[in-house]
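Note on naming: letters A, B, ... go to the chains in the order of the sequence lines (proteins, then strands), and numbering restarts at 1 for each one.
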There are 2 protein chains.
Amino acid sequence: MSRLNLTTQRKTILDLIQSCDDHPTAAEIMERLRMNGHQFAYGTVYNSLRYLTDAGLIRELKLGETASRYDGRTEDHYHIVCTKCGRVDEVLSAPPAEWIREVAAKTNYDVHHSQVVFEGVCYSCKHPKA
Amino acid sequence: MSRLNLTTQRKTILDLIQSCDDHPTAAEIMERLRMNGHQFAYGTVYNSLRYLTDAGLIRELKLGETASRYDGRTEDHYHIVCTKCGRVDEVLSAPPAEWIREVAAKTNYDVHHSQVVFEGVCYSCKHPKA
DNA sequence: AATAGTATTTAGACTTAGTATAAATTTAAT
DNA sequence: ATTAAATTTATACTAAGTCTAAATACTATT
């Protein structure tokens, strides 16, 4: 792990991800870059996303869709996906430590990390206006 | 939802998945079919996997890898992946209901389902022989 | 049993998301 | 200024899966 090297491209992509409040895919990120007047090579975007993820500046979300999404919030948190409209929201409560201990004991694993994706129906989809 | 239509191909694939104790990908399933002397079209395997999943006879696992895996155990359960060797084990303890209620309350979602993938190091990788 | 209609399988083209590579460019270090 | 290392670019390629149209199989009705 060498020191952080934020090139112009990486910085631009980091800024974009940190300043949006959703969880764009690589394709969406490229589209937004283009809309902001930038034009980076395909591979640069993927390279930057990996670099920023490895550096811990952003998070890659694998929510079971075909494409990864990226999240500028790096605190430990989880996600909930609306099965009606596809919207993704943050979940800030962590799984109870007691449960994790139980899983570790039963499986004989050292548990380092857990990915949790909830699925359900969001407020707007539950209460459609008209 | 019409009545179950298990064609020869679908039955063969279902049997294969139910009789193995790991979680094969579509590619692995095709390879095993071929080794057993079957030769189904590419699309048929995917079609069958979807059909069987929709019918609730098998489960599709999205563990954050590039390919889905399939599981013959249909009871509600979760998975733990070894980050060293890639091995996947079953996790039978469910997340505490209290936690799910809390998530539902905080996010304003009706929570229907949760996918949980633990990551850690399995017993064999913790205790390598020699 | 023959016919018509529906569903499934097959083969292969196509799509999507992402990786790999080689040349060109930029950055850093002497 | 020169060399070396890292990064970007353009483009080819791969992996996983979907789509489509023709061929085949199954079902229901007479």
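Using a 30° and 60° split on the angle between ring planes, B:W99 and A:W99 fall in the tilted class, from 30° to 60°.
Distance, B:Q39 CD to C:dG12 P: 12 Å, rounded to whole Å. Taking atom CG of residue B:L33 and atom P of nucleotide C:dT9, one finds them 13 Å apart after rounding to whole Å. Across the protein-nucleic acid pair, B:E65 atom CD and D:dG17 atom P stand 11 Å apart, rounded to whole Å. One atom, CG of B:L49, and another, P of C:dT9, lie 12 Å apart when rounded to the nearest Å. Whole-Å rounding puts the A:K62 NZ to C:dA17 P distance at 15 Å. In this entry the distance linking CD of B:E31 with C1' of D:dA16 reads 16 Å, nearest Å. The distance from atom CG of A:L6 to atom P of D:dA6 is 17 Å, rounded to the nearest whole Å. A straight line from OH of B:Y51 to P of D:dG17 spans 21 Å, rounded to a whole angstrom.
Counted within 6.0 Å of NZ on A:K126, heavy atoms from surrounding residues, nucleotides or ligands total more than 12; the atom is thus considered enclosed.
One cannot find a donor-acceptor pair under 3.5 Å joining the base of C:dG12 and the side-chain atoms of B:Y42.
Here the side chain of B:T44 is nearest to one of C:dT10, D:dG17, C:dA28, namely C:dT10.
For C:dG18, the OP1/OP2 oxygens have a side-chain nitrogen or oxygen of A:Y46 closer than 4.0 Å. Note on A:T66: every side-chain N or O is 4.0 Å or more away from OP1 and OP2 of D:dG17. At C:dT10, one or more side-chain N or O atoms of B:Q9 fall inside 4.0 Å of OP1 or OP2 (strictly under the cut-off). Contact annotation: A:R50 side-chain N/O to C:dG18 OP1/OP2 distance is not under 4.0 Å. For B:N47 and C:dT8, the shortest distance from a side-chain N or O to OP1 or OP2 is not below 4.0 Å.
Judged purely by distance below 3.5 Å, without hydrogens or angles, the side chains of A:H79 and A:Q115 never pair a donor atom with an acceptor atom. No side-chain donor from either of B:Q9 and B:T44 sits under 3.5 Å from a side-chain acceptor of the other.
Where A:F40 and B:A27 each meet DNA chain D at their nearest nucleotide, the meeting point lying more 5' is that of A:F40.
Across all strands, B:A26 comes closer than 4.0 Å only to sugar-phosphate atoms, never to a base (heavy-atom distances). Looking at heavy-atom distances under 4.0 Å, A:T7 makes contact with sugar-phosphate atoms alone, never a base. At a threshold of 4.0 angstrom between heavy atoms, the contacts of A:S68 are confined to the sugar-phosphate backbone, with no base atom among them.
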Task: Verdict with supporting geometry, B:E60 and B:Y70, side chain to side chain contact (heavy atoms under 4.5 Å, CB included) - done: CA-CA 5 Å; B:E60 180 180 12; B:Y70 294 88; 3.8 Å; yes
